[in-house]
Amino acid sequence: METTNLFRRRDTFFGICEAVGQDFGFNPLWLRLAFVLPLFFFPVQTFAGYFGLGLVVLASRLLFPAKDAAKAQAAAAPTATPASAATEASAPAAELAIAA
């Protein structure tokens with residue numbers, strides 16, 4: 001699966017909430033919802049906080065790129081051999097037989 005740069009995607013606004021969600025392991029929708037209500041009452045401060053968070057994400061991605069490189073190496077790891085795949089395929093069947 002090929003991922004595009006968050007800044008180049010058309011469905012995000014710089015991808016800040018999605019990047020924070022990826023880094024901390026939660027759904028970015030919750031962070032987006034947290035920005036909606038303050039946007040109506042404090043628009044300047046909300047945009048300042050959003051772009052400040054973007055600077056933090058940018059700095060973390062530039063200073064610690066090893067996390068993304070480790071994911072790329074894990075994705076490029078060789079797949080299972082056919083013999084081990086057959087063993088893995090029979091394991092769920094055995095578990096189902098025991099459960100029945």
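Sequence positions, counted from 1, serve as the residue numbers for this chain. Side-chain atoms are counted along with the backbone in the values below, which use heavy atoms only and exclude waters and symmetry mates.
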Student: So F47 and L39, do their side chains get closer than 4.5 Å, heavy atoms only?
Tutor: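 Heavy-atom side-chain distance check passes, below 4.5 Å.
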Student: Run through L31, N27, V57 and flag the one making a side-chain contact (heavy atoms from CB on, under 4.5 Å) with C17.
Tutor: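 The residue from L31, N27, V57 that satisfies side-chain contact (heavy atoms from CB on, under 4.5 Å) with C17 turns out to be L31.
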Student: What residues join W30 in its hydrophobic cluster, counting side-chain heavy atom gaps under 4.5 Å, either direct or through other members?
Tutor: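 Members alongside W30: L29, L33.
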Student: Do you know which two heavy atoms are closest between D23 and S60, and how far apart they sit?
Tutor: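 Of all heavy-atom pairs spanning D23 and S60, the closest is OD2-OG, 4.0 Å.
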Student: I'd like to check the ring-ring contact (aromatic ring centres under 6.0 Å, His included) partners of F42; sequence neighbours left out, ordered by chain and number.
Tutor: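 With sequence neighbours excluded, F42 shows a ring-ring contact (aromatic ring centres under 6.0 Å, His included) to no residue whatsoever.
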Student: Assess the residue pair F35 and L53 against the criterion (side chain to side chain contact (heavy atoms under 4.5 Å, CB included)); give the C-alpha distance rounded to whole Å, side-chain angles, the decisive distance to 0.1 Å, and a yes or no.
Tutor: CA-CA 12 Å; F35 275 109; L53 187 60; 4.2 Å; yes
Student: Are F24 and Y50 co-members of a hydrophobic cluster defined by side-chain heavy atoms under 4.5 Å apart?
Tutor: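 The answer is yes; both residues are in one hydrophobic cluster.
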Student: Could you work out the complete set of other residues in the hydrophobic cluster of L55, with links drawn between I, L, V, M, F, W and Y side chains under 4.5 Å apart?
Tutor: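 Hydrophobic cluster check, L55: no partners found.
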